[in-house]
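Everything on this sheet refers to the single structure shown next.
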There are 2 protein chains.
Amino acid sequence: MTEVVDRPAGKGPRPAAGRTGAANPAGGQPAVDVAALGEQLLGKWAGVRLQARGLAARPELHKTEGLTHSDHRTRTFSQLKYLVDNEAVHRAFPAALGGSDDHGGNIAGFEELVTADPSLQIKAGVQWGLFGSAVMHLGTEEHHAKWLPGIMSLDIPGCFAMTETGHGSDVASIATTATYDAGTQEFVVHTPFRAAWKDYIGNAAIDGLGAVVFAQLVTKGINHGVHAFYVDLRDPETKEFLPGIGGEDDGVKGGLNGIDNGRLHFNNVRIPRSNLLNRYGKVASDGTYTSPIASPGRRFFTMLGTLVQGRVSLDGAAVAASKIALTAAIRYATERKQFNASSHTDEEVLLDYQRHQRRLFTRLATTYAAGFAHEQLLQKFDDVFSGAQDTDEDRQDLETLAAALKPLSTWHALDTLQECREACGGAGFLIENRFASLRADLDIYVTFEGDNTVLLQLVAKRLLADYAKEFRNVDFGVLARYVVGQARGVAIHRTGLRQVAQFVADTGSVQKAALALRDEESQRALLTDRVQTMVAEVGAALKGANRLPQEQGAALFNQHQNELIEAAQAHAELLQWEAFTEALRDTSDPGTKTVLTWLRDLFGLSLIEKNLAWYLMNGRLSMQRGRTVGQYINRLLVKIRPRALDLVDAFGYGEDHIRAAIATGAEKARQDEARAYMRSQRANGQAPVEEKVLLARTSAAAAAHAKASVTPGSARR
Amino acid sequence: MTEVVDRPAGKGPRPAAGRTGAANPAGGQPAVDVAALGEQLLGKWAGVRLQARGLAARPELHKTEGLTHSDHRTRTFSQLKYLVDNEAVHRAFPAALGGSDDHGGNIAGFEELVTADPSLQIKAGVQWGLFGSAVMHLGTEEHHAKWLPGIMSLDIPGCFAMTETGHGSDVASIATTATYDAGTQEFVVHTPFRAAWKDYIGNAAIDGLGAVVFAQLVTKGINHGVHAFYVDLRDPETKEFLPGIGGEDDGVKGGLNGIDNGRLHFNNVRIPRSNLLNRYGKVASDGTYTSPIASPGRRFFTMLGTLVQGRVSLDGAAVAASKIALTAAIRYATERKQFNASSHTDEEVLLDYQRHQRRLFTRLATTYAAGFAHEQLLQKFDDVFSGAQDTDEDRQDLETLAAALKPLSTWHALDTLQECREACGGAGFLIENRFASLRADLDIYVTFEGDNTVLLQLVAKRLLADYAKEFRNVDFGVLARYVVGQARGVAIHRTGLRQVAQFVADTGSVQKAALALRDEESQRALLTDRVQTMVAEVGAALKGANRLPQEQGAALFNQHQNELIEAAQAHAELLQWEAFTEALRDTSDPGTKTVLTWLRDLFGLSLIEKNLAWYLMNGRLSMQRGRTVGQYINRLLVKIRPRALDLVDAFGYGEDHIRAAIATGAEKARQDEARAYMRSQRANGQAPVEEKVLLARTSAAAAAHAKASVTPGSARR
């Protein structure tokens, strides 16, 4: 279906500025079936997404720009009530309590709220995705009955009090304690020092009446590790902190100012024994601790497992924000002219410039890739949380997949929002066009719910562990032979996790394949090979690190930290590329498939271009071949240009989601008005003559005169 | 003076967390003379900078975070008065009017204001750097006498009304007209259509009483091109627009909300003939136009030439903001521990991680490079504006230099602010730590006063023009021979502009030189070679484009737009590298010189690593050599680590400039408190036993017991 791929590149006919229907393909160019592509992009939870988008389109939920953080907080809180009233946020809760036990659908709907106001989305996430979810997943039926109704209805706004000032990513080391007092059958929740204050906690500064507090559970002199406790924070009437509880407002932030983040501390606060959320660990009245999970380490990771849904939803929200930005910037670029309409490049709009295409289309391609990858992640998440596929291995795969994709998509969103803002010049900086607002709000997405750099290291550790598992007790000569003997194209793990053992060291065949960079198998081979080689190299370098004295082992690891993170990123990029490629198989319309294939190729080749030095140094691409990568990308840009509007239209967001003054056709209307004025001036003979035109005329006349006066003389001579 | 460069890389002794004096070098490591380096960084206008920093340290001038844009505007306006009262902003104005004719010093002092509040800086720039400067440079003595005193005293807040909604970067095409009416001896200023509204104009929404309006000067039916006119905008008493003038507020922006940007339009507004700022173009009472500059094109560029000071000052302000961010992030990283203090990596702080070093030190190196390059730019600016070296060529060199450096430094500032914010995790997102606030304010620096992408294209055109000039009438075979015959190391043009003719095509010698990547000459050869080759390649590809029909010529140009921009960027990076290298010659202290040389090498090698694919594909580096670039960078990071605090201390900013809660030592105090608590718990026997420790003990005991009970039995058998 890519029969026109080989056509010589040319500027090709362009659609008129503004919207071009897919039904009207220009001059034999493949057309995009925008409606069908739109349905494909909506994915499995299309119904929920459309419902959520309907809600997100309502002005009641839109961010009001320019509010103080206090006023923004007030508005956001009232919007949470609006969500409750409109039944938008209970999908994940038990049917018995009015929910629908729909975990995937819950995340899908939640993600779409980012288009209304990211503060609204994240505050909803704090209330129902973290606070409520912790009660549901870590508590038992008594807790559900007692607190979930109030949490669902927002009668109990609450906090997920895990992070402490002294420990960001290292939850196991939090210092808040909950010590059991058998005499009173109470836990004593206590903050021993300043570094143990809970920090950055949503709902903590103002609204939170209750909290799930994570603390070290101590009973009978034994610390059983981090557990979750339900703690009442404030008097529901006065909204004052209860005795022993104190806090601080985190104040203004770089964004998300609709959320009242704050700090909390506890001075020997007593809570009933039954406030331990005891699904994974119980304390009997005499203080005896029991748990269904014997290993403290495994118990800890099981309890933290529910956190994965935050990462999943941020991945999806980041993709949604990227789509909004690209829709606005690409629409504007089809109307805006950089230079004077009177110059020879009369019809040239911003999107006709090669650099502008590069800036926007490469990011459009990545957005498609990230979107398809997110859909796979969401399905995996739903499989695990619905119980359909819920083995330990499934959970680990889900964790690794989320840890791989969330960093890439959230960084991509910031990059895309910024590039779109710059591509729209000064207009891009006005809040009315939303790029700067969304960027500020999404900034924190790259470090919360798992710092991106830390998450990628988790992915790297998993890759190394898989690698080590595969080659345990195998010496390196054997490994090399084994590796070379692997065939390419071994069946792909459904969850997207690459088997690092599928090592393609047959550089000869890769080089040959690379003769056709646009070929799917060549791209796969190059991308896969890079991940596998990088992991194998770091694995070899770290071989035996575990047997070194701890300090030396850590130092060795640190010397390869950068490579490790790069390997994890390469792995995540490969997952995105595979997801895009799988999606092509589900695209039936031939024109759409052709255009999407160009876009996938643009994504794949951009990755190869970014890491071109690696491919050259490792002999995967010849120098001659390497030089063609940039050229081929440039040709793809030209091919994609006529279908760019279709590709953003397929995202399916309406004016009420985009809400950017520059994406409304206003620019074209202004230009039409200007042209009409110029035309009428010329027609009336009112247009002044330009001095430089006059000068040119005068000097031409003078030259003619000079020539006329000289020639006869010459003739006379 | 680099005698320890070749030492085997190792972790080396680290300074204790917190501040380490340069006077106390650890274990033979080279020491940095922080005071001397600080003086070197202050540069030629050290006195003015210190004075401006003293002012910027005052709370009266500090940004109040969380204000509405209205309140922020009010505060910023009052701060402008404070600047007047403190004689901070008149250095560039004529001595006769109370200024000091000091152009370089004026910019130096202005740049430092960014540390107080970028809104304050830019609003001051609008008032005195644009509005006042236009009256000064484009007007004549009558205008100076009439308006400069009020502008200087802020009695006349005013606008620089150039940009229109329909034309951002293309000033020549603005559509506002000023048509001379000889009958009344007035100009009629008129906005013919919506696209011709002035837009994004500082002081336009609220404060502006007057404006310098740029419009097409039409007299006797001839359009003489863009000229500047003084127009009264508002009644000084009522602050209402005068008849015929209207406008709109641009509203909330992504940052710089202390400035009241807005739109202006004119409906046949009549102004006296004498309001034409007529230094470069006069209209006699009968409507006859005369100009000291015959060519309309040259006249236009001369009038726009004063705009360069905006670019120069943004370049410096961007460097200052990068310094603030890196100081805070590096200080924090010397205190903050990522994981539990009880783990084996007890003493590991964030800055000991390889990745963290890579994130911060590469940007530290670029900041030094950008700072040294800025100092050269500022001197060039002062030479031109003081008249000391003010030929046409000097002015063109200044324009090109500013167009090259401003894009790199402003993008670098955004990148650095973001990386520092992420490197500080959630704390980085709190406004109290300022990264997000500065980033939001500096965002627009990359597209105003010349869009960065457009500026780089101007640089590229200059490079191509120089190239064409050099090789006019020379066929390509001759060129190649000429080029190969060039010696390396031809005298460097003092202004920093490379002569592209110095083409080093002797790849053999470059490859040989590259055997020592840390060698200054090798780095220079690699960086220079790349610029020259790229320009030559694009030049060859565009050869004859001028002789093609216009549309084809433009299309050919567009096909190489990306390469052109990359060549311009490479050129600008080389200028930064050369400036850094020249600065090393002015560094006399041996230890400082050693450390700065590492930092320069890190900058140079980071550039080479970024473009490694180019060097490999073009045969400038062997694949084996290419693989060592990353390794050598990693070794440099380890060497720089112990001196990182010195390198940010040398920036010379105090607590009142940094104003980041995380850079105050608070983190270390919290950790000390936590450690003391843990120690006392253990001493008192109050510390609970960890379950996993207990389990380990129990299973060890069980194993011992099992062994004990089995062994005798075995013996018995």
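Quick note on labels: first sequence line is chain A, next is B, and so on, each numbered from 1.
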Which of [options] touches chain B most, by non-hydrogen pairs under 4.5 Å:
options                                : result
A/Met623, A/Gln671, A/Glu65, A/Gln216  : A/Met623
A/Arg358, A/His69, A/His356, A/Gln624  : A/Arg358
A/Arg670, A/Glu432, A/Glu667, A/Arg439 : A/Arg439
A/Gly254, A/Ala676, A/Gly251, A/Ala195 : A/Gly254
A/Val252, A/Thr177, A/Thr179, A/Val693 : A/Val252

Heavy-atom distance under 4.5 Å to chain B: side chain of [X], backbone, both or neither?
X        : value
A/Phe429 : both
A/Leu694 : side chain
A/Leu695 : side chain
A/Leu564 : neither
A/Trp411 : side chain

Cut-off 3.5 Å, side chains only: do B/Gln418 and A/Asp443 have a donor facing an acceptor?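 Their side chains do contain a donor-acceptor pair, which is all the 3.5 Å distance test asks for.
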Looking just at side-chain N and O atoms, do A/Arg355 and B/Asn558 make a donor-acceptor pair shorter than 3.5 Å?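 Distance-only check fails for A/Arg355 and B/Asn558.
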Heavy-atom distances under 4.5 Å only: say whether [X] touches chain A with side chain, backbone, both or neither.
X        : answer
B/Ala427 : both
B/Ala674 : both
B/Tyr289 : side chain
B/Leu637 : neither

Do [X] and [Y] have side-chain heavy atoms sitting under 4.5 Å apart?
X        : Y        : result
B/Asp170 : A/Lys337 : no
A/Thr453 : B/Arg359 : yes
A/Gln561 : B/Tyr353 : yes
B/Arg627 : A/Asn618 : yes
A/Leu612 : B/Met617 : yes
A/Asn634 : B/His560 : no

Would you give the length of the straight line joining atom [atom1] of [X] to atom [atom2] of [Y], rounded to the nearest 0.5 angstrom?
X        : Y        : atom1 : atom2 : answer
A/Trp614 : B/Leu616 : CH2   : CG    : 13.0 Å
B/Ile431 : A/Lys253 : CD1   : NZ    : 9.5 Å
B/Asn562 : A/Ile633 : CG    : CD1   : 9.5 Å

Using a cut-off of under 4.5 Å on heavy-atom pairs, state which of [options] scores highest against chain A.
options                                : answer
B/Ala669, B/Gly426, B/Gly428           : B/Gly426
B/Ala687, B/Ala436, B/Gly221, B/Gly626 : B/Gly221
B/Lys692, B/Glu609, B/Glu422           : B/Glu422
B/Gly255, B/Ser70, B/Gly225            : B/Gly255

Side chain to side chain contact (heavy atoms under 4.5 Å, CB included) between B/Gln559 and A/Gln631: does it pass, once the steps are laid out? CA-CA 10 Å; B/Gln559 281 166 30; A/Gln631 294 161 14; over 6 Å; no
Show the numbers, then the answer: is there a side chain to side chain contact (heavy atoms under 4.5 Å, CB included) between B/Glu690 and A/Val218? CA-CA 9 Å; B/Glu690 290 196 18; A/Val218 178; over 6 Å; no
Whether the side chain of A/Glu673 engages the backbone of B/Arg194 through a donor-acceptor N/O pair (distance < 3.5 Å, no angle test) should be reported.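 Flag set: sc A/Glu673 to bb B/Arg194 pair under 3.5 Å.
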Show, in sequence, the C-alpha distance, side-chain angles and deciding distance for A/Ile565 and B/Gln354, and conclude whether the side chain to side chain contact (heavy atoms under 4.5 Å, CB included) test is met. CA-CA 11 Å; A/Ile565 292 171; B/Gln354 184 189 58; over 6 Å; no
Residue from B/Leu217, B/Ile222, B/Asn223 passing side chain to side chain contact (heavy atoms under 4.5 Å, CB included) with A/Glu691: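 It is B/Ile222, the one option of B/Leu217, B/Ile222, B/Asn223 that forms the side chain to side chain contact (heavy atoms under 4.5 Å, CB included) with A/Glu691.
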